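Quick note: residue numbers are just sequence positions, from 1. A quick note: this is a predicted structure, and the numbers were derived from the prediction, not measured.
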Amino acid sequence: MSATIDHRQLYRLPWSLPDNGIAWLEPTKKCNLACLGCYRENDPRGHKTLDEVRHDLDVFKRFRTVDGVSIAGGDPLVHPEIVEIVRMVAQDGLKPIVNTNGLALTEELLGELKGAGLAGFTFHIDSKQGRPRWKDADEIELCELRQHYAEMVAAAGGMGCSFNATVYEDTLRYVPDIVQWAQRNIEIVHTVVFIAFRAGVVGGNFDHYVRGEPVDFSTMPYATTDQTPHELQSTDIVAEIRKRFPDFAPAAYLNGTERPDTFKWLLTGRLGTKERVYGYVGARSMELAQTFHHLATGRYLAYTRPQTLGHGRAMLLLSALDPRLRTIARRWLAAGARRPSRLLERLRFQSVMIIQPADIYEDGRQNMCDGCPDLTVWNDRLVWSCRLEEPERFGDFVQMVPKSG
């Protein structure tokens, strides 16, 4: 059962095509894993040169004001010049974030990346990756691996640490376990992200065209002949989390390009300690954070430094503007009345994000993320990174047309 959420009660994130929180840089197509949910072809020859990376960054600077740059791929840590790429982004005054499966991360490389100005990591870890030594592990068991990377980044200091996982119909039940694990590690884990699985079905109800010409969609890395529908929604993930955390409440969203009431990105933040979450911030808190950051820097906020996330008590000063913060303040004060030492504990802010990729409707419309943060560069254009294979193979994005009869 999906959760019922009224988008009018949430803050619609102000991100747009030219003014956004994030840019998505892909310096390589090479990867050292083969994940079921991946939408990129693994190309061992797929490294970009530093000049090509510089060009991509210049395209972003020309078209898109951003706060941070997600360095992805492929797996960016296999790029032989990843340290220089991070330094290049940081020298542009942006926050470089490495999106990685973590396999190639060593203590030495971690130190070099920090020295180059890395702002943080996002580790992709889930049970459909076929990881060496973890092939039979479920999502709960994989929290041991998540713990390893979180402690590794925390020991180096000064960098954010986030985790994402693709969610499948048979792994949905584990989502609350990851949320709970993240709470226990709220001091060193700053964001957890859940991405609903999607696959492109071949031989189904659609013909595929690019600029009016038919194309062979089966060549896409995310194409499958399995006719099983994969229509997991962001609201399904919310409902699953609420089974264990009934007051879990998103505060902000991005809608779809075809339907304004679809939740392509759902974002919330919670305040608490590793023993207890006191509550979830509201839409006003999200709006204030984006607005003040934009006024101060000219950019919308995407990544918050970990030092800032430890000042949750300061956020309570905004309780007059956010009803949910008032609830958090009451719970915190009540807990302090029962045990005064709790009032001296540091309240920390932790984000939980849910992403719902492309939806394909019966008439062939493709419901993408409106204001998508993860746009990348192709032929000096900004294009959806999750569908980059389409213009690379066919010269443009694939259109789906219902089969007649």
Would you give me the side-chain donor-acceptor pairs under 3.5 Å for residues 135-142, sequence neighbours excluded?
from, atom 1, to, atom 2, distance (Å)
Asp138, OD1, Ile140, N, 3.0
Asp138, OD1, Glu141, N, 2.8
Glu139, OE1, Arg146, NH2, 2.7
Glu139, OE2, Ser127, N, 2.7
Glu139, OE2, Ser127, OG, 2.8
Glu141, OE1, Asp138, N, 2.8

Polar side chain donor-acceptor pair, Asp236 to Ser2, under 3.5 angstrom: yes
Distance-only donor-acceptor check, side chains His124 and Asp75, under 3.5 Å: no
Distance-only side-chain donor-acceptor flag, Asn101 / Gln129, under 3.5 Å: no
Pair Arg198 + Asp359: basic N to acidic O under 4.0 Å: yes
Interatomic spacing from OH in Tyr168 to OG1 in Thr171 - rounded to 0.5 Å: 7.5 Å
Test side chain to side chain contact (heavy atoms under 4.5 Å, CB included) applied to Phe394 and Arg211, Glu213, Met220, the passing residue: Met220
Whether Tyr300 and His294 hold their rings parallel, tilted or perpendicular, with breakpoints at 30° and 60°: tilted
Residue pairs passing the salt bridge (Lys or Arg N to Asp or Glu O under 4.0 Å) test where at least one lies in residues 306-331, sequence neighbours excluded: Asp247-Arg331
Set of salt bridge (charged side-chain N to carboxylate O under 4.0 Å, His left out) partners for Arg276, sequence neighbours left out: none
Side chain proximity check, Phe60 to Leu94, heavy atoms < 4.5 angstrom: no
Residue from Phe217, Tyr209, Trp378, Trp384 passing ring-ring contact (aromatic ring centres under 6.0 Å, His included) with Phe397: Trp384
